[in-house]
Amino acid sequence: MKKHNFSAGPCILPKEVMQKASEAVVELDGSGLSLIEISHRSKAFVDIMETARSLALELLGLEGKGYQALFLQGGASSQFLNVAYNLLEKRAGYVNTGTWSLKAIKEARLFGEVMEVASSQEDNFNHIPKGYTIPGDMDYLHLTSNNTIFGTQIKEFPKTDVPLVCDMSSDIFSRQLDFSNFDLIYAGAQKNMGPAGTTLVVVKEDALGKVSRKIPSMLDYKVHINKDSMFNTPPVFAVYVSMLTLQWLKDLGGIAAIEEINDKKANLIYSEIDLNPVFSGFAAKDDRSAMNATFNITDDTLKETFDEMCKEAGINGINGHRSVGGYRASMYNALSLESVGALVDIMSELERKG
Ligand SMILES: *Cc1c(COP(=O)(O)O)cnc(C)c1O
């Protein structure tokens, strides 16, 4: 039976991408060789890497604006330290909006002074802090655009002269933003772009080279830029699948087109959460994420029935993260409106039964 995959990550990818990727593992484009057994220096793979890098910049509207796209390894978690290694000379600001922000703060503290300029920790991260003051004398301000675990999303980014760095792991390529407002954006592939194994880093070139410390080659963005993101053997499969997903997105009409669908999905589930007395939303309404909808069941005695109904309908991956409890429906780019409809049908059926 076809499953509706609401997994928070690694997550659903477009079916045609899966098909093409699985074929390429056996044989890449009629070459007689598998994608994963050819040299990363071969023309075939160099083309794949270059296409992936330029598609990323093109979709974000950053082509010809002094940015470079890199496909690195080590997950978004490595970027928590990489960002500080490359950009933190003296002092940086962090907005603490959840588990991932906290981890980023912890790593950055190894490299310099870190100021938590705002936090919603006291409320178990159920909202995005607003109206906070940003001191001017900071190397950068670090934000997490979408808080995967808590289901909150920054709708309006702070206006400041301080360079912005953003962890966009769980909502990159999902909505239109002026991406040129950021000096550096990073995102683990496995939420909205590809399989685990690569992390997209988009960096403004003139933001680099300002720290006095020596940077080990593997952690130095400049080294990776100078080697066209091929300083060492790149994760060829993850980069290839990411390229296919970006191509899929471009063919669909780019971020504007997917944003329209993502908005429909979000509206559908949140109106059910608000109308149905059996459920209550976790995140503050203004800050609700269009990617991860977090909600609770108000009557615990219905939980077993709901879980059973979900299972029967092929609804997969909606258990909430242990730090929030309840449920979390992740609705990344490749999840269809129809799948959200299937979940919403079960939710309203439960109300009728209960
Ligand atoms: C999943 C996630 C991460 C961690 O990514 P890894 O690739 O597993 O290191 C970091 N930030 C956010 C916002 C995430 O959703």
Side-chain angles (χ1 to χ4, degrees), residues 5-13 56 69-85 94-108 110 119-121 124-129 140-155 157 164-175 177 179 182 184-202 218-219 234-235 237-239 241-242 245 262 282-283 287-294 317-324 328-335:
N5 188 2
F6 289 88
S7 173
C11 78
I12 184 169
L13 291 171
L70 302 171
F71 284 89
L72 305 181
Q73 302 190 56
S77 299
S78 287
Q79 296 311 313
F80 297 159
L81 69 105
N82 249 0
V83 160
Y85 225 130
Y94 278 68
V95 179
N96 179 10
T97 50
T99 311
W100 300 117
S101 312
L102 274 168
K103 291 189 176 191
I105 289 168
K106 180 172 178 243
E107 299 305 302
L110 300 171
S119 169
S120 51
Q121 189 160 18
N124 196 26
F125 302 115
N126 69 358
H127 68 279
I128 301 286
Y140 62 87
L141 177 71
H142 181 282
L143 303 157
T144 309
S145 56
N146 184 71
N147 299 281
T148 327
I149 292 173
F150 300 92
T152 62
Q153 188 173 32
I154 301 179
K155 307 288 171 175
F157 286 83
L164 296 179
V165 171
C166 194
D167 176 359
M168 294 197 187
S169 291
S170 53
D171 70 351
I172 192 150
F173 302 118
S174 73
R175 58 171 170 165
L177 291 174
F179 295 98
F182 301 88
L184 191 145
I185 295 165
Y186 62 92
Q190 70 274 17
K191 306 276 167 46
N192 225 356
M193 188 171 60
T198 192
T199 304
L200 174 65
V201 173
V202 174
M218 265 303 274
L219 303 184
F237 182 72
V239 173
V241 181
S242 299
T245 311
N262 287 335
F282 171 79
D287 304 327
R288 281 172 162 175
S289 165
M291 294 282 100
N292 315 91
T294 43
I318 63 162
N319 277 338
H321 189 272
R322 60 193 176 280
S323 51
V324 182
R328 168 175 54 169
S330 297
M331 306 174 290
Y332 298 113
N333 284 353
L335 185 87

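Both counts, for ligands and for their atoms, begin at 1 and track the order of listing. Quick caveat: nothing in here was measured; it's all calculated off a predicted structure.
- Put simply, the side chain of Ile128 does not reach to within 4.5 Å of the side chain of Lys155, judged on heavy atoms.
- In this view, Tyr140 and Tyr94 satisfy the ring-ring contact (aromatic ring centres under 6.0 Å, His included) rule, not counting sequence neighbours.
- Partners of Phe182 by ring-ring contact (aromatic ring centres under 6.0 Å, His included), not counting sequence neighbours, listed by chain and number: Phe157.
- For a heavy-atom separation below 4.0 Å, the residues in contact with ligand 1 are Gly75, Ala76, Ser77, Phe80, Trp100, Thr144, Asn146, Thr148, Asp167, Ser169, Ser170, Gln190, Lys191.
- With a 4.5 Å cut-off on side-chain heavy atoms, Thr148 and Arg328 count as touching.
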With side-chain hydrogen bond (donor to acceptor under 3.5 Å, both in side chains) as the criterion, how do Asn192 and Ser174 come out once you've worked through the C-alpha distance, each side chain's angles and the decisive distance to 0.1 Å?
CA-CA 8 Å; Asn192 225 356; Ser174 73; 4.5 Å; no

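- Under the ring-ring contact (aromatic ring centres under 6.0 Å, His included) criterion, Tyr186 pairs with His142, not counting sequence neighbours.
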